[in-house]
Amino acid sequence: MGSAFWKLKDAMIVLAINLVAGFVIADLFIKPGLSRMGLSSLEAGTIGGMFLAVVAFATVYLWGVRQYRISWKVIGIFNAKKIIQHKKMILLYTFGALIVSLLLLFAMYSIIGVAPNSRSNAVDDTYLFAILLAVFSSVIVSPIYEEVLYRGFIYPTLRNRFGVKKAIVFSALIFSLVHLPSIDILPVNFVNGLVFAILYERTNSIYVPMVAHALFNLSLMTLVYLVS
């Protein structure tokens with residue numbers, strides 16, 4: 001993987017804008033506003049997620065691609081064939097992350113006593129539309145923009161500054177904290193952040209962690225739906 005062309009300052013600005021977009025604009029204005037209009041929490045959350053995807057791509061473009069006149073290839077958006085080349089790695093890492101995550105969730109719920117958040121019950125619905133909407137949000141929208149932002153843009157910046165090992169840990173920590181206030185899945189997101197960063201580092205393709213991210217979310221959603 002090559003070095004990031006942008007500076008740490010650029011990454012921090014992009015991260016700050018996305019945090020404001022998520023914790024302030026989406027959580028305090030967009031989602032509540034849509035709920036008052038009669039939309040369900042799942043529908044409002046999906047629209048909010050699409051808004052965050054637009055913000056993520058826009059900020060990465062403005063403070064990375066456009067500012068330094070670079071190609072999206074620098075972020076890893078190229079050579080989708082690597083998905084097939086690394087399919088065994090994707091399945092292995094995703095399965096490992098799923099097993100560890102299930103153990104962590106069991107510990108959080110049964111031992112520590114943390115209550116599941118509303119997002120954890122997002123697929124606890126028998127309506128086909130609700131299920132499809134949850135899949136669209138968690139398996140398509142979130143993996144695409146989150147991988148571009150956190151692995152494609154934030155991680156390389158940290159890697160340049162702190163080296164591979166520390167960057168993997170720091171990027172995973174950031175990835176877990178941006179999912180607050182969902183306390184129950186903080187450790188799960190930290191593990192996923194580690195796994196996705198390692199996959200990105202090993203393959204130099206954003207598509208690999210993107211697919212692993214989607215597979216993980218789909219697998220976890222399926223398990224939650226089956227046991228609910």
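Excluded from the calculations below are hydrogen atoms, water molecules and symmetry mates; all remaining heavy atoms, backbone and side chain alike, are included. Remember, predicted model here, so these are calculated numbers, not experimental data.
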Inset, instruction - Apply side chain to side chain contact (heavy atoms under 4.5 Å, CB included) to M210 and I144, showing your working. - result: CA-CA 6 Å; M210 201 178 283; I144 292 177; 3.9 Å; yes
Inset, instruction - Go through V141 and T46 one step at a time and tell me if the side chain to side chain contact (heavy atoms under 4.5 Å, CB included) criterion holds. - result: CA-CA 8 Å; V141 176; T46 300; 5.6 Å; no
Inset, instruction - Just do the side chain to side chain contact (heavy atoms under 4.5 Å, CB included) check on D10 and Y68 with the steps written out, would you? - result: CA-CA 11 Å; D10 301 312; Y68 293 94; 2.5 Å; yes
Inset, instruction - Apply side chain to side chain contact (heavy atoms under 4.5 Å, CB included) to the pair V164 and Y155, showing each step before the final yes or no. - result: CA-CA 9 Å; V164 174; Y155 168 71; 3.7 Å; yes
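A search for side-chain contact (heavy atoms from CB on, under 4.5 Å) contacts involving F190 returns V169, A172, L173, S176, L194, not counting sequence neighbours. Applying the side-chain contact (heavy atoms from CB on, under 4.5 Å) rule to L102 yields the partners L98, L220, L223; only residues at least two apart in sequence or on another chain are considered. Partners of F129 according to the ring-ring contact (aromatic ring centres under 6.0 Å, His included) rule, which considers only residues two or more places apart in sequence or in another chain, do not exist here. Considering only residues two or more places apart in sequence or on other chains, L52 meets the side-chain contact (heavy atoms from CB on, under 4.5 Å) condition with A21, A26, Y145. W6 pairs by the side-chain hydrogen bond (donor to acceptor under 3.5 Å, both in side chains) definition with T157, not counting sequence neighbours. Legend: residues meeting side-chain contact (heavy atoms from CB on, under 4.5 Å) with S40, ordered by chain and number and at least two apart, are L42, E43.
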Distance-only donor-acceptor hits, side chain of residues 57-64, under 3.5 Å, sequence neighbours excluded:
| unit_1 | atom_1 | unit_2 | atom_2 | d |
| --- | --- | --- | --- | --- |
| T59 | OG1 | N18 | ND2 | 3.1 |
| T59 | OG1 | V55 | O | 2.8 |
| T59 | OG1 | A56 | O | 3.0 |

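To the nearest 0.5 angstrom, L19 atom CG is 11.5 Å from I25 atom CD1.
A cation-pi arrangement is absent between R69 and F5 under the rule of less than 6.0 angstrom and at most 45 degrees off the ring axis.
Taking a cutoff of 4.0 Å between a charged side-chain nitrogen and a carboxylate oxygen, R151 and E146 do not qualify as a salt bridge.
Proximity of a side-chain donor or acceptor of N217 to a complementary backbone N or O of S138 within less than 3.5 Å is detected. In this structure, S171 contributes its side chain and I168 its backbone to a donor-acceptor pair below 3.5 Å. Between the side chain of S35 and the main chain of S41, no donor-acceptor pair closer than 3.5 Å is present.
Residues I206 and G152 approach most closely at CD1-N, 3.6 Å, considering heavy atoms.
Within the structure, the side chain to side chain donor-acceptor pair (under 3.5 Å) test picks out the following pairs touching residues 86-107 (sequence neighbours left out): Y93-R202.
At a threshold of 4.5 Å between non-hydrogen side-chain atoms, the residues N189 and V178 do not count as touching. Taking the side chain as every heavy atom from C-beta outward, E147 and F153 never approach each other to under 4.5 Å. Contact annotation: the side chain of L8 never approaches that of N160 to less than 4.5 Å [non-hydrogen atoms, C-beta and beyond].
Chaining together hydrophobic side chains whose heavy atoms lie under 4.5 Å apart places V24 alongside V20, L28, F29.
For F106, the CZ atom counts as loosely surrounded, since its 6.0 Å shell holds 12 or fewer non-hydrogen atoms of other residues, nucleotides or ligands.
Taking the six-membered ring for Trp and thresholds of 30 and 60 degrees, F196 and H213 have nearly parallel ring planes, at less than 30 degrees apart.
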